[in-house]
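All figures in this text were calculated on a predicted structure; none of them were measured in a lab. So that the names make sense, note that chain A is the first sequence line, chain B the second, and so on, each numbered from 1.
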Protein chains: 2
Amino acid sequence: MRKGEETRTRILDVAEAAVLQKGFGGTSIEELIAETGITKSGFFYHFRDKNELAKALLNRYIENDERIYDEIFSRARELTGDPLQSFLLGLKLLSELLSDLPNGHPGCLVATVCYYERLFDREIQETNRNAVLAWRRRFGRMLREIMEVYPPREPVDVDQLADMVSSVLEGGIVLSKTLKEPNTLAEQVLMLRTFVKMLFLPVAEMPRA
Amino acid sequence: MRKGEETRTRILDVAEAAVLQKGFGGTSIEELIAETGITKSGFFYHFRDKNELAKALLNRYIENDERIYDEIFSRARELTGDPLQSFLLGLKLLSELLSDLPNGHPGCLVATVCYYERLFDREIQETNRNAVLAWRRRFGRMLREIMEVYPPREPVDVDQLADMVSSVLEGGIVLSKTLKEPNTLAEQVLMLRTFVKMLFLPVAEMPRA
DNA sequence: CTGAAAACTGTACCGCCGGTACAGGAGGGG
DNA sequence: CCCCTCCTGTACCGGCGGTACAGTTTTCAG
């Protein structure tokens, strides 16, 4: 029914916020049911155990993540036909989106799962791995398009460069959260943008000294 | 006395490995005492509670981390007087050290604590924050030296560039662990090296097309 | 060698939490 | 009307973090 989905979503919302702040092990089911106003039995009606909650949580997070990237980079694509310009614009839009988050980025569930590997089954670890591989493919695809037009100034492996986007995002989140400086993440994305720009854009004017 | 320190260290060793694999919440004290062959009372003789264990763990980790960076970059400094060359060499040495880790990087405790914030007291969060700020200062110092000699090709903020080193390391660890590709982290460090090289090294030959 | 401090062991207990089991009830759609 | 979804209520289990505290062994300084 519809009501069931709604409750399930509410549980997932509460759980996601809690897990990103305290990790899976630090988040108790009792606390989740207290905040959602559901009973323990109600909770276990929706999720067989914590592992299944984690699975649902991660899948939803990844889907949402993909959707956001789809939106940003397709919007950037509409605004300019050039693959490099649209990628650079996409990074700009991404950094703006990140700096607009009122309390900073809440954290990445992929990283949370990564630092929790041993507690989950193979399936959830595979899901996580595939999420990172999807990032690699996504950014790799765009970078390959760029490289067909713009020869890179230094020889680089496309997959490694694609991974760099993920690295900077994941690392930027850790820095931003740890420092309690919400803007650091956005700045890191712009730093990456500078790298990509410098790597592909032909040398024209150089503001020496 | 001496024996006590030894046991304490053994507990910390076991705890560190466990925490990096399962997070703090996922690591039980009972499991730690089982593996170290100590009793529960013995454990609580050394650490008042889990929070104090975390504190000791984090402090030890940070100290060790700093020591490693000290060694690498001072060795790089000895081999060449030029600040840019020694920094690039340092990154190379770092990437080699990382790719020599038999089972890949075990994970960063700073990131673990970051994704666990709400479970710990202010002190441990401050410690974590200071660790990241220390990285910023360390890499910032080296980058400032470089910038005195080499004008950057693009205008960049030194602190943000310094943070980029931390970002790529933290992010690279997440990617490497999630993908179960130990080499990804080392590759990311080399990718960062390419960025730094390109940013500061004057344009000479360009292997166009 | 001795004695005191350090470094534990053993036992018993508390309350929270994850999880199980199962009975039953509200409420809406066919 | 009845069945299915979506829950509630109750009772219970074992594991875990943590406390309390008494007693024992090990270590090292004098």
Side-chain angles (χ1 to χ4, degrees), chain A residues 1-58 60 112-113 115-121 123-124, chain B residues 1-58 60 112-113 115-121 123-124:
Chain A
M1 303 280 171
R2 271 273 304 294
K3 182 81 181 306
E5 277 304 307
E6 196 190 295
T7 307
R8 202 183 139 95
T9 302
R10 223 169 62 242
I11 295 174
L12 287 174
D13 287 341
V14 172
E16 185 169 317
V19 166
L20 286 175
Q21 286 187 341
K22 295 173 291 190
F24 280 100
T27 301
S28 73
I29 292 178
E30 315 243 342
E31 151 198 4
L32 299 180
I33 68 178
E35 201 163 338
T36 41
I38 209 178
T39 62
K40 207 172 190 177
S41 321
F43 176 88
F44 283 107
Y45 171 79
H46 288 286
F47 306 98
R48 204 181 314 137
D49 51 26
K50 230 183 178 185
N51 201 19
E52 202 168 284
L53 172 69
K55 215 174 286 181
L57 220 47
L58 183 61
R60 197 181 73 145
T112 306
V113 169
Y115 274 104
Y116 248 94
E117 40 170 344
R118 293 276 175 213
L119 277 189
F120 299 122
D121 54 27
E123 187 189 340
I124 210 166
Chain B
M1 303 285 166
R2 271 271 305 295
K3 179 82 182 308
E5 276 304 308
E6 195 192 295
T7 308
R8 203 183 138 95
T9 302
R10 223 168 62 243
I11 295 174
L12 287 174
D13 287 342
V14 171
E16 185 170 320
V19 166
L20 286 175
Q21 285 187 343
K22 294 173 292 189
F24 280 100
T27 301
S28 72
I29 292 179
E30 315 244 343
E31 150 198 4
L32 298 180
I33 67 178
E35 200 162 340
T36 40
I38 208 179
T39 61
K40 207 171 188 177
S41 320
F43 175 88
F44 283 107
Y45 171 78
H46 288 286
F47 305 98
R48 203 183 314 136
D49 52 24
K50 229 182 177 185
N51 201 18
E52 201 168 284
L53 172 70
K55 216 174 287 182
L57 220 49
L58 183 61
R60 197 181 72 143
T112 305
V113 169
Y115 273 105
Y116 248 94
E117 40 171 344
R118 294 274 175 215
L119 278 189
F120 301 121
D121 54 27
E123 187 190 340
I124 210 166

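- Distances shorter than 4.0 Å separate none of the side-chain N or O atoms of B:His46 from OP1 or OP2 on C:dA7.
- When all heavy atoms of B:Ala56 and B:Arg8 are compared, the pair lying nearest together is CB-NH2, 3.7 Å.
- Spacing between atom CG of A:Leu53 and atom P of C:dG19 amounts to 10 Å, rounded to whole angstrom units.
- Per the geometry, CG belonging to B:Leu32 stands 12 Å off C1' belonging to D:dG17, to the nearest Å.
- Residue A:Thr7 has a polar side-chain atom (N or O) positioned under 4.0 Å from OP1 or OP2 of D:dC7.
- Under 4.0 angstrom from either OP1 or OP2 of C:dT11 there lies no side-chain N or O belonging to B:Ser41.
- Between A:Phe43 atom CZ and D:dG9 atom P there is a gap of 18 Å when expressed in whole angstrom units.
- Contact check on A:Arg60 versus A:Asp13 returns a salt bridge, with a Lys/Arg side-chain nitrogen under 4.0 Å from an Asp/Glu carboxylate oxygen.
- Taking atom CD of A:Glu6 as the reference point, atom C1' of D:dT5 lies 14 Å away to the nearest angstrom.
- Nucleic acid contact class of A:Ser28 (heavy atoms, under 4.0 Å, all strands): sugar-phosphate only.
- Atom-to-atom, CD of B:Glu5 to P of D:dT27 comes out at 15 Å; the value is rounded to the nearest Å.
- Distance CZ (B:Phe44) to P (D:dC16): 12 Å, rounded to an integer number of Å.
- Atom CG of A:Leu53 is separated from atom NE2 of A:His46 by 11.5 Å, given to the nearest 0.5 angstrom.
- Within the nucleic acid shown, A:Lys50 comes within 4.0 Å of sugar-phosphate atoms alone, with no base atom in reach, counting heavy atoms only.
- A donor N or O paired with an acceptor N or O is found under 3.5 Å between the base of D:dG18 and the side-chain atoms of B:Lys40.
- For B:Asn51 (side chain) and B:Ala54 (main-chain N/O), no donor-acceptor pair under 3.5 Å exists by modelled atom type.
- Distances from the side chain of A:Thr39 to the nucleotides D:dG17, C:dG18, D:dT8 place D:dT8 closest.
- At the phosphate of D:dC6, OP1 or OP2 sits under 4.0 Å from a side-chain N or O atom of A:Tyr45.
- As rounded to whole Å, 10 Å separates atom C1' of D:dG18 from atom CD of B:Glu30.
- In this structure, A:Lys50 contributes its side chain and A:Phe24 its backbone to a donor-acceptor pair below 3.5 Å.
- Atom-to-atom, CG of B:Asn51 to P of D:dT19 comes out at 12 Å; the value is rounded to the nearest Å.
- Looking at the side chain of B:Ile38, the nearest of the listed nucleotides D:dG17, D:dC7, C:dC8 is C:dC8.
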